[in-house]
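The block underneath contains the structure these notes are about, expressed in structure tokens.
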Amino acid sequence: MVRLNDDYLQNSNEFIQKKIILPQYDQDTVVEATKKAPVWVHFGGGNLFRCFHAGIAQQLLNQKQMTSGVIVAETYDDEVIDQIYHPYNNRVLSVTMKSDGTLDKELVASVGASVYFNRNNTTGWNYLTDVFENPTLQFVTFSITEKGYALTDINGGLTPIAQGDISAGPKKPLTNMGAVAHLLYARYQRNQAPLALVSTDNFSQNGAKLEQAIMTIAQGWKDNQLVDAGFIQYLQDRSKITFPWSMIDRITPNPSEEVAQKLAAAGFDDTQILHTVKHTNIAPFGNTEETHYLVIEDDFPNGRPPLEKAGVLMTDRQTVNDADQMKVTACLNPLHTALAIFGNLLGYQSIAAEVANPTLLGLIKNLGYQEDLPVVKDPKIINPEEFINQLITKRLPNKNIPDTPQRIAADTSQKIPIRYGVTIQHYLDDPKRDVQNLEFIPLILAGWCRYLMGIDDQGQSFTLSPDPMLKDVQPYVKSIKLGSAIDVHQHLQPILSNKKIFGNDLYAINLGTKVEQYFAQMITGKGAVIKTIQQTISEKGNY
């Protein structure tokens with residue numbers, strides 16, 4: 001048996017016998033170089049980072065294109081650092097789950113340091129502040145999910161925590177965005193060195209959202225005379241600070257017990273999955289799919305490693321936006337969320353099993369090809385139709401990827417305005433199209449309202465996935481019983497009129513009534529959800 005902490009340089013044959021690919025560098029040397037001259041900080045130490053960003057860094061270290069490693073700053077869950085990063089010397093076994101059922105295994109050791117970055121953790125707070133004051137730092141990346149950027153409530157007003165950050169100033173903010181603004185202020189005060197801040201989170205125009213959030217905090221500080229005007233100028237100077245946009249794509253589910261068993265059988269010992277108090281699922285290994293894309297706007301005022309030599313597509317903002325719109329609003333994420341919603345309602349535990357159901361496959365085909373693809377702008381660097389073909393025929397059906405609708409359903413309220421609202425807006429903006437011709441997007445939105453009831457298609461209760469808006473929206477539908485005669489409009493109007501969720505008041509654009517009608521069909525009794533999907537495909541679908 002081999003373990004993550006074994007000496008992979010001295011005992012390389014033992015790893016090679018287990019078919020584990022090894023780093024082509026000395027980790028201790030990388031750690032020392034990171035201390036002296038940090039280059040890359042990443043916020044969010046979860047599974048996507050460990051299987052994707054850390055792998056990019058590993059390639060560059062193997063090629064001697066980088067000498068220092070990535071500094072990981074986990075902002076949400078201290079157990080991730082204390083129980084997964086530090087005990088295993090910041091290493092991870094990255095497992096690529098191929099569609100033929102085989103596993104590719106690589107020991108990744110590209111993390112130069114890891115910290116829990118929270119104002120109550122003085123050591124991590126001071127350490128990362130020092131890192132940001134170092135002019136060698138070239139860029140920062142983020143994978144903290146949509147809610148990590150949130151400063152506003154359901155009505156668009158600043159949350160009490162955000163208001164507190166703005167009132168208290170840059171010393172020890174509570175929000176993620178306030179904490180990052182604190183780090184930037186420290187850099188400004190020390191040397192005003194340039195820096196690129198790259199959101200690689202899975203939503204459209206992510207760089208713009210990051211910039212807006214940082215500027216909201218910083219401007220609030222200035223208005224309260226807690227920072228000088230020069231800080232605002234520093235953040236707005238494109239020769240100093242940039243917020244490049246990106247598009248990221250790699251399905252990376254929670255660590256799988258099945259994969260753990262296969263690793264143990266193959267002679268790898270560190271397979272215990274950690275389920276933290278904060279409901280993070282993480283392990284000494286990570287499992288991910290083979291297909292992946294990362295497209296980044298090439299705007300790095302302090303320089304950067306040659307990321308393109310590790311497969312990153314470096315391009316201009318418009319191309320990034322086109323690629324992102326293609327994926328996030330049309331060719332992948334909306335299909336994923338549809339499967340998440342209906343997978344919960346229909347009792348599925350696997351995405352692959354869902355797409356083996358002809359009805360659910362027909363649902364996402366009609367959504368993708370019939371309603372989404374016609375309004376997609378071709379980004380040229382990735383062909384949209386080929387992308388969606390690959391998703392439907394190869395990626396989603398991959399039984400080797402243990403992804404669940406329950407995982408994907410997390411934070412759905414935060415995803416809807418991007419994954420469906422953008423396409424709806426395209427129909428509204430194009431005089432040649434009629435938004436009322438949409439059928440499958442309204443069906444899915446009705447499905448989400450049905451999901452919020454917490455009752456599956458057989459009338460059994462199930463646990464809703466975490467979502468910051470559940471407490472705001474679930475009460476409107478929680479009391480509804482299957483088969484009961486109710487005023488659907490009375491229950492759904494407060495939800496469907498919320499622009500923060502859908503991007504528009506759905507009644508104002510004549511979609512609200514259609515959503516209500518689909519919802520009404522889905523609550524007529526047991527089996528009504530799958531029957532409604534089947535009927536819609538039969539009457540409205542082309543696939």
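For this chain, numbers begin at 1 and follow the sequence in order. All heavy atoms count here, side chains included; hydrogens, waters and symmetry mates do not.
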Under 6.0 Å between ring centres, would you say that holds for His53 and Trp40?
no
Count the heavy atoms belonging to other residues, nucleotides or ligands that lie under 6.0 Å from [atom1] of [X], then report whether that count exceeds 12.
X      : atom1 : answer
Ile161 : CD1   : no
Gln65  : CD    : yes
Lys499 : NZ    : no

Show, in sequence, the C-alpha distance, side-chain angles and deciding distance for Asn202 and Lys327, and conclude whether the side chain to side chain donor-acceptor pair (under 3.5 Å) test is met.
CA-CA 9 Å; Asn202 199 10; Lys327 171 193 173 273; 2.4 Å; yes
For Leu274, the side-chain contact (heavy atoms from CB on, under 4.5 Å) test, sequence neighbours excluded, returns Glu79, Gln83, Ile84, Thr276, Ile282
Distance in Å, [X] [atom1] paired with [Y] [atom2], rounded so as to fall on 0.5 Å steps:
X      : Y      : atom1 : atom2 : answer
His42  : Thr141 : NE2   : OG1   : 5.0 Å
Glu106 : Ile20  : CD    : CD1   : 10.5 Å
Ile382 : Asp249 : CD1   : CG    : 7.5 Å

Answer yes or no: is there a donor N or O on one side and an acceptor on the other, between the side chain of Ser465 and the main chain of Gln406, under 3.5 Å?
yes
Before accepting this row, confirm whether a basic side-chain N of the pair [X]/[Y] lies closer than 4.0 Å to the acidic partner's carboxylate O.
X      : Y      : answer
Glu297 : Arg317 : yes
Arg304 : Asp298 : yes
Asp269 : Arg3   : yes
Lys415 : Glu146 : no

Pairs meeting criterion ring-ring contact (aromatic ring centres under 6.0 Å, His included) with involvement of residues 200-234, two or more places apart:
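Counting only pairs at least two positions apart or across chains, the ring-ring contact (aromatic ring centres under 6.0 Å, His included) contacts touching residues 200-234 are Tyr149-Phe203, Tyr185-Phe231, Tyr188-Phe231, Tyr188-Tyr234.
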Within 45 degrees of the axis of the six-membered ring of Phe52 and under 6.0 Å from its centre: does Arg250 put its NZ or CZ there?
yes
Audit row: Asn206, Ser246, side chain to side chain donor-acceptor pair (under 3.5 Å) steps and yes/no
CA-CA 7 Å; Asn206 45 22; Ser246 76; 3.2 Å; yes
Knowing that exactly one of Ile144, Thr145, Thr280 qualifies, which makes a side chain to side chain contact (heavy atoms under 4.5 Å, CB included) with Tyr76?
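Result: among Ile144, Thr145, Thr280, Thr280 is the only option passing the side chain to side chain contact (heavy atoms under 4.5 Å, CB included) with Tyr76.
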For Gln233 and Asp237, test the side chains for any donor-to-acceptor distance below 3.5 angstrom and give the result as yes or no.
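The answer is no; no qualifying pair exists.
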What class does the angle between the rings of Phe132 and Phe43 fall in, given that below 30° is parallel, 30 to 60° is tilted and above 60° is perpendicular?
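Ring orientation of Phe132 relative to Phe43: tilted.
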Check against side chain to side chain donor-acceptor pair (under 3.5 Å), Asp165 and Thr175:
CA-CA 7 Å; Asp165 279 2; Thr175 64; 2.6 Å; yes
Does Phe502 form a side chain to side chain contact (heavy atoms under 4.5 Å, CB included) with Ile424? I'd like the steps, not just the answer.
CA-CA 9 Å; Phe502 302 102; Ile424 289 172; 5.9 Å; no
